[in-house]
Amino acid sequence: MGAQLAVVALWLAFVLRIEGRFDFDLWSILNLTTSNVFVEDEPGVFLWPMPAEVTHGHTSVMVDPNLELAADGPGGNSLLISEAFQRYKQMIFVHHSQGLGSSVRNVSKGGEVLLRRLIVKVSSNDETLQLGTDESYHLSVPSKSDKSEAYLEAYSVYGALHGLETFSQLCTFNFLTKMVEIHNSMWDIRDKPRFKFRGLLIDTSRHYLPIDVIKQVIDSMAYAKLNILHWHIIDEESFPLEIPTFEFLWKGAYSVAERYTVDDAQEIAEYARVRGISVMAEMDVPGHAASWGYGYPELWPSFICQEPLDVSNNFTFDVIDGILADMRKIFPFGLFHLGGDEVNTSCWTSTPHIRKWLLDHQMSEHDAYTYFVLRAQRLALSYGWDPVNWEETFNEFSEKLHPRTIVHNWLGPAVAPKVVAKGFRCIVSNQDVWYLDHLDVPWESFYLNEPLEGIDDAAQQKLVIGGEVCMWGETVDASDIQQTIWPRAAAAAERLWSPRNFTAKGTKAALLRIEFFRCLLNQRNIEAAPVLNQYARSEPTGPGSCYAQ
């Protein structure tokens with residue numbers, strides 16, 4: 001009952017807020033605290049993910065519907081910034097009113113603050129996006145020097161993009177004044193991510209995803225400040241991507257209509273980049289690759305035993321090399337995922353010519369698995385990629401992995417401490433809490449998963465480059481992917497972005513804000529499911545406000 005009362009009270013607070021009548025006495029009922037510096041449960045701060053440092057006041061400013069962008073600094077004139085500004089301006093001014101002009105005139109006559117300009121200063125004109133690119137920003141609304149201006153400063157254009165997202169979340173439409181308003185100003189926000197790798201996996205092998213659906217996923221990632229799209233493009237079920245060097249590989253697609261051309265993939269990678277998101281492609285070898293053989297049957301050990309790929313055939317590695325060469329022209333990001341998980345080597349020992357090859361080379365099945373992974377790593381390294389492999393490779397032969405290997409943890413929470421103890425970098429995705437296809441895992445579990453759990457050494461903590469939530473595609477397609485991803489992925493996004501001492505406060509402090517963020521996603525045409533669902537992607541249980549579901 002207490003939790004329900006809290007949700008109702010918080011929703012009423014929002015209603016009062018957007019009408020310009022925020023009443024702090026309401027919060028005393030719930031024994032909540034207020035101060036100039038944000039603390040747990042403070043009203044009026046509805047940002048997601050929570051910035052690193054936030055201070056604010058208790059006044060309101062109006063935002064001119066003709067808000068202008070002013071560029072400053074070597075990178076301020078970037079087309080990436082101006083296009084993003086226009087996108088956010090459309091989201092901020094989504095409501096239209098014939099009375100806007102008179103409202104602006106009344107504000108001007110009444111002496112109230114009217115925000116007319118957003119100054120964006122970017123120190124660097126380098127638009128290269130890689131792991132570790134500076135994503136920090138400083139946002140002042142309004143600026144200290146001129147109350148008619150907001151000031152956003154960042155080192156890179158990608159930090160500025162995050163600042164624009166935060167600015168957009170400060171804006172609310174007042175249905176009484178018919179104006180966009182920013183409450184609790186002046187705001188001073190200094191922000192940067194906790195982890196440099198904040199990922200979401202999508203799987204286009206188990207179900208094909210249309211290009212526009214992938215773009216919509218990318219849009220939603222930017223709203224949550226996720227920065228890595230892990231594109232699990234191919235698997236045993238289908239091979240949908242065009243590979244010009246080996247033109248028959250995409251015969252493994254489900255159909256001729258369920259494919260991606262090179263131009264399609266390049267368009268997706270660029271669409272992501274201009275939103276501050278890198279695409280990490282995956283080619284999972286030697287297992288999970290049966291679909292390759294529909295174009296080139298010689299890659300199969302035999303027609304009745306189709307995976308792992310034939311380790312004894314040099315053509316197998318010629319194909320891998322060709323795929324990597326073609327993908328390098330598409331994906332500029334510095335990491336490439338080589339898979340390496342769930343490899344059942346019995347197919348090799350049951351196939352006569354491979355069994356003979358193993359004997360000739362004095363290899364066991366395990367030796368051949370090691371040989372395959374390491375040879376694939378060398379090929380990826382030759383194209384300038386750091387290889388990422390699923391944790392089985394570490395569990396089986398950690399001492400032989402290349403030092404630049406990044407180990408992707410998924411089986412459980414105890415692996416990451418072992419990985420970093422041996423000096424490897426690590427990505428955390430333990431399946432019990434960060435696999436989105438586990439529909440019975442609630443948002444609270446996503447939020448409470450701590451990537452550094454069990455790692456106390458400061459140097460080893462730095463080797464955990466971040467984490468990733470995984471949307472495996474067995475039961476998702478264009479019809480249900482977004483409501484399966486959101487809002488639970490947002491819980492992990494805040495864990496990966498916000499300071500640990502904040503997220504350590506738990507889910508009570510986050511409930512109101514994730515409710516608001518889910519509604520924000522809905523307003524931006526992202527089909528995020530209700531936060532309070534017992535089962536992910538379920539429909540609402542009955543009539544009610546978006547802010548109380």
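Across all their heavy atoms, Asp191 and Ala52 have their closest contact at OD1-N, 2.8 Å. Contact record, Ala510 with Glu494: CB-OE2, 4.4 Å, taken as the closest heavy-atom pair. Across all their heavy atoms, Leu226 and Ile277 have their closest contact at O-CG1, 3.5 Å. The two residues Leu249 and Trp292 make their nearest non-hydrogen contact at CD2-O, 3.9 Å. Counting all heavy atoms, side chain and backbone alike, Gly340 lies closest to Thr393 at O-CG2, 3.9 Å. For the residue pair Thr133 and Ser156, the shortest heavy atom distance occurs at CG2-OG, 4.1 Å.
Around the CG atom of Leu359, the shell of radius 6.0 Å holds more than 12 heavy atoms that belong to other residues, nucleotides or ligands. The environment of CD in Glu298 is crowded: more than 12 heavy-atom neighbours from other residues, nucleotides or ligands sit within 6.0 Å. Atom CD of Gln86 has more than 12 neighbouring heavy atoms from other residues, nucleotides or ligands inside a 6.0 Å radius. For Lys418, the NZ atom sits in a loose shell: 12 or fewer heavy atoms of surrounding residues, nucleotides or ligands are nearer than 6.0 Å. Annotation: Tyr155, atom OH; neighbour count of heavy atoms from other residues, nucleotides and ligands within 6.0 Å does not exceed 12.
Residue pairs satisfying the disulfide (SG to SG under 2.5 Å) criterion with at least one member in residues 426-463, sequence neighbours excluded, are absent. Listed by first and then second residue, the disulfide (SG to SG under 2.5 Å) pairs involving residues 303-341 are Cys305-Cys347 (not counting sequence neighbours). Note on residues 202-290: no pairs pass disulfide (SG to SG under 2.5 Å), not counting sequence neighbours. Applying the ring-ring contact (aromatic ring centres under 6.0 Å, His included) definition to pairs two or more places apart or across chains, none involves residues 448-471. For the salt bridge (charged side-chain N to carboxylate O under 4.0 Å, His left out) condition, the pairs that include at least one residue of residues 516-531, sequence neighbours left out, are Glu165-Arg524.
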Could you walk me through whether Ile526 and Gln216 satisfy the side chain to side chain contact (heavy atoms under 4.5 Å, CB included) test, starting with their C-alpha distance in whole Å, then the side-chain angles of each, then the deciding distance to 0.1 Å, before giving a yes or no? CA-CA 8 Å; Ile526 305 299; Gln216 188 187 53; 3.5 Å; yes
Kindly determine whether Ser205 and Asp203 satisfy side chain to side chain donor-acceptor pair (under 3.5 Å), including the steps that lead there. CA-CA 6 Å; Ser205 173; Asp203 174 5; 4.7 Å; no
Before giving the answer on side chain to side chain contact (heavy atoms under 4.5 Å, CB included), spell out for Thr507 and Leu448 the whole-Å C-alpha distance, their side-chain angles and the decisive distance to 0.1 Å. CA-CA 8 Å; Thr507 56; Leu448 294 173; 4.1 Å; yes
Please determine whether salt bridge (charged side-chain N to carboxylate O under 4.0 Å, His left out) holds for the pair Glu135 and Lys192, giving the CA-CA distance in whole Å, both sets of side-chain angles, and the decisive distance to 0.1 Å. CA-CA 6 Å; Glu135 299 178 86; Lys192 62 181 180 180; over 6 Å; no
Would you sort out whether Ser398 and Lys422 count as a side chain to side chain donor-acceptor pair (under 3.5 Å), showing the intermediate values? CA-CA 8 Å; Ser398 61; Lys422 289 198 174 184; 3.1 Å; yes
Criterion ring-ring contact (aromatic ring centres under 6.0 Å, His included) on Tyr208 and Tyr254, from CA distance to verdict: CA-CA 8 Å; Tyr208 176 84; Tyr254 285 125; 8.9 Å; no
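Looking at residues two or more places apart in sequence or on another chain, you find no salt bridge (Lys or Arg N to Asp or Glu O under 4.0 Å) involving Glu242. A search for side-chain contact (heavy atoms from CB on, under 4.5 Å) contacts involving Ala265 returns Trp231, Leu241, Ile330, Phe331, not counting sequence neighbours. Evaluation of the salt bridge (Lys or Arg N to Asp or Glu O under 4.0 Å) rule for Glu270 yields Arg273 as partners, not counting sequence neighbours. Every residue meeting the side chain to side chain donor-acceptor pair (under 3.5 Å) condition with Tyr371, not counting sequence neighbours, appears here in chain and number order: Arg375. Arg87 meets the salt bridge (Lys or Arg N to Asp or Glu O under 4.0 Å) test with no other residue; sequence neighbours excluded. Taking Asp318 as the reference, nothing meets the salt bridge (Lys or Arg N to Asp or Glu O under 4.0 Å) condition, with sequence neighbours excluded.
A donor atom on one side chain and an acceptor atom on the other are found under 3.5 Å apart for Asp264 and Thr261. Donor-acceptor pairing under 3.5 Å is lacking for the side chains of Glu258 and Ser238. Side chains of Asp126 and Ser124: a donor-acceptor N/O pair is absent below 3.5 angstrom, by distance only. In summary, the side chains of Glu468 and His230 do present a donor paired with an acceptor at a separation below 3.5 Å, with no hydrogens or angles considered. Judged purely by distance below 3.5 Å, without hydrogens or angles, the side chains of Asp326 and Thr245 pair a donor atom with an acceptor atom. A donor-acceptor contact under 3.5 angstrom links the side chains of Trp390 and Glu282, judged on distance only. If you check the side chains of Trp48 and Glu515, you find no donor sitting under 3.5 Å from an acceptor. Under 3.5 Å, the side chains of Thr345 and Glu365 contain a donor-acceptor pair of N or O atoms. Between the side chains of Ser312 and Asp310, at least one donor N or O sits under 3.5 Å from an acceptor N or O.
No side-chain heavy atom of Trp357 sits less than 4.5 Å from a side-chain heavy atom of Trp348.
Annotation: the span from Asn430 atom CG to Glu453 atom CD amounts to 10.0 Å, rounded to 0.5 Å. Ile465 contributes atom CD1, which lies 11.0 Å from atom CG of Leu496 (distance to the nearest 0.5 angstrom). Taking OH of Tyr158 as the start and CG of Asn227 as the end, the distance is 11.5 Å to the nearest 0.5 Å. One distance of note links CG of Asp386 with CE of Met280; it measures 11.5 Å at 0.5 Å rounding. Once rounded to the nearest 0.5 Å, the distance linking CZ of Arg355 with OG1 of Thr349 reads 7.5 Å. How far CG of Leu401 is from CD of Glu396: 10.5 Å, rounded to the nearest 0.5 Å.
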Please tabulate, for the side chains in residues 484-491, all donor-acceptor contacts under 3.5 angstrom to protein atoms that are two or more places apart in sequence or on a different chain.
unit_1: Thr484; atom_1: OG1; unit_2: Asp480; atom_2: O; d: 2.6
unit_1: Thr484; atom_1: OG1; unit_2: Arg537; atom_2: NH1; d: 3.2
unit_1: Trp486; atom_1: NE1; unit_2: Ser220; atom_2: OG; d: 3.0
unit_1: Trp486; atom_1: NE1; unit_2: Gln482; atom_2: OE1; d: 3.2
unit_1: Arg488; atom_1: NH1; unit_2: His438; atom_2: O; d: 3.0
unit_1: Arg488; atom_1: NH1; unit_2: Val441; atom_2: O; d: 3.0
unit_1: Arg488; atom_1: NH2; unit_2: Leu436; atom_2: O; d: 2.5
unit_1: Arg488; atom_1: NH2; unit_2: Thr484; atom_2: O; d: 3.2

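Aromatic ring orientation, His337 versus His408: tilted (interplanar angle from 30° to 60°). Relative orientation of the Tyr383 and Trp385 rings is tilted, given thresholds of 30° and 60° on the angle between their planes.
Taking the ring centroids of Tyr294 and Trp250, they lie at or beyond the 6.0 Å cut-off. Aromatic ring centroids of Tyr223 and Phe517 lie 6.0 Å or more apart.
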